[in-house]
Amino acid sequence: MTLDSLVQNVAQSFKARFERDPLWVVAAPGRVNLIGEHTDYNDGFVLPMAIERYTVIAAAPARDGTITWMDRGLQEEFQVQAGSPILKGAPKWSNYVRGVLAGFQQTDMSFPGFDAVMGSSVPMGGGLSSSAALEVASATLVETITGRTLDPVDKALLCQKAEHEYAGVPCGIMDQFISVLGRKDHLLLIDCRSRKPELVPLRDASLGVLIFNTNVKHELSGGEYAERRAHCEEAARALGIPALRDASEALLEEAKPKLNPTVYRRARHVIGENLRTTQAATAIRAGDWMKVGELMYASHDSLRDDYEVSCTELDEVVELARELGTGGGVLGCRMTGGGFGGCAVALVRTSAVETITRKLVRGYKQSVGIDPAVFVSRPAAGATVIKG
Ligand code: GLA
């Protein structure tokens, strides 16, 4: 679904529910990470792009201080008061919004009551940052309502805090950052320590980014994510450095005898992945697609073996992609996002997209028994105000 038709649908749902036209309409994209996984909370490097899948919110002022917020897909809604502290509550998805609204209550950007309807083309729980898209769209709506904007990095941080405190996921900054700052036709090489993005153009029309949703859902608040994060912090402490970003392979090897073997492997992934990510950015700038592909496969192997966040379904997609190989138009493939299901990302020759999709879908269905969802996206722009 295009952004235009999603906007139309959400505006129509707003009119049907609230019997007037929306005054404000905003959108924020989901993301796919080309490489640099589980590095953001280690002060490391990531290389994501915003995708052409969005959360759209249409809204208009309410008569009093009540905020009524409806999800058009689930046909569920919740209400809070703009003038009272906004707490966690039901339904579950509302916590992403509640957390963002509460974050603004802690700034001097106070907002009145309003009615809102949201709709999304980012698959929920599919590893494409549906939650960051919702948080960033919510923050963009509050900015539009108040007529004031936050510094983009502060906006991403406010959204990240909502995820930590209201959704219970101790995520890094990547997802919110790219949903705010994504650039059309560009990947962003983000240094998660300085929080400075570098633009990496991806304009070559003969190349496409293919996203393969395994349709196996993961639950990041399941504890695995927090455990990985804790292992990384333990490794950094043992190495005597602020974060794994500061470690080298040599330093890790030196410390190996005093590290728990699992913690050692987690650290080995992060150190290698940071290197691979900066190397991939260099290779993309040089148009060395073979190198980019090799780095993507190496990233997947490391996430599977050392970081242990892949799953059989993701491994199957990557194996099928490897079998197709460069001859079949696939340059590289890997799991993307937090892991435990969700999506794989592949860099492919545009001319072969249809054949690749057909073969991957057939092979996956045959061995896993699940229908996947596959689409191609150009790098998209970050959050935008469509009306307001
Ligand atoms: C999730 C988190 C991100 C990042 C990735 C793994 O998407 O929200 O902050 O840690 O996992 O790279």
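Counting starts at 1 for both ligands and their atoms, in listed order.
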Point to revise | Numbered atoms of ligand 1 (with element) below 4.0 Å of M174, judged on heavy atoms | key: 4 (C), 5 (C), 12 (O)
Check your understanding: Given N33, D40, I173, which one has a non-hydrogen atom that is nearest to atom 4 (C) of ligand 1?
Key -> D40
**Study point:** Any donor-acceptor pair under 3.5 Å from Q105 side chain to A82 backbone
**Key:** yes
Acceptor/donor pairs from residues 55-64 side chains to any protein atom, 3.5 angstrom cut, sequence neighbours excluded:
| unit_1 | atom_1 | unit_2 | atom_2 | d |
| --- | --- | --- | --- | --- |
| T55 | OG1 | S120 | OG | 2.9 |
| D64 | OD1 | T66 | N | 2.9 |
| D64 | OD1 | T66 | OG1 | 3.0 |
| D64 | OD2 | T66 | OG1 | 3.4 |

Check your understanding: Going by the order shown, which atoms of ligand 1 are within less than 4.0 Å of some heavy atom of G172?
Key -> 9 (O)
Check your understanding: Out of curiosity, is R31 lining ligand 1, as in a heavy atom under 4.0 Å away?
Key -> yes
Exercise for review: Test side-chain contact (heavy atoms from CB on, under 4.5 Å) on L252 and L259 and set out the steps.
Suggested key: CA-CA 9 Å; L252 181 68; L259 288 177; 3.6 Å; yes
**Study point:** Residue part near ligand 1, for M335, under 4.0 Å between non-hydrogen atoms
**Key:** neither
Review point. Under 4.5 Å between any side-chain heavy atoms of Y41 and R228, yes or no?
Key: yes
Check your understanding: Are R193 and D246 close enough for a salt bridge, meaning some N to O gap below 4.0 Å?
Key -> yes
Study note, to complete from the structure: One finds that the ligand 1 atoms under 4.0 Å from a non-hydrogen atom of C171 are 2 (C), 8 (O), 9 (O)
Review point. Can K359 and E323 be counted as an ion pair, charged N to O under 4.0 angstrom?
Key: no
Practice item. Considering the heavy atoms of D175, write down every atom of ligand 1 situated less than 4.0 Å from one of them. Key: 1 (C), 2 (C), 3 (C), 7 (O), 8 (O)
Review point. Got a salt bridge between D21 and K387, using NZ or NE/NH1/NH2 to carboxylate O under 4.0 Å?
Key: no
Check your understanding: Counting both backbone and side chain atoms, is some N or O of E37 under 3.5 Å from an N or O of ligand 1?
Key -> yes
Check your understanding: Which ligand 1 atoms are under 4.0 Å away from a heavy-atom of Y41?
Key -> 10 (O)
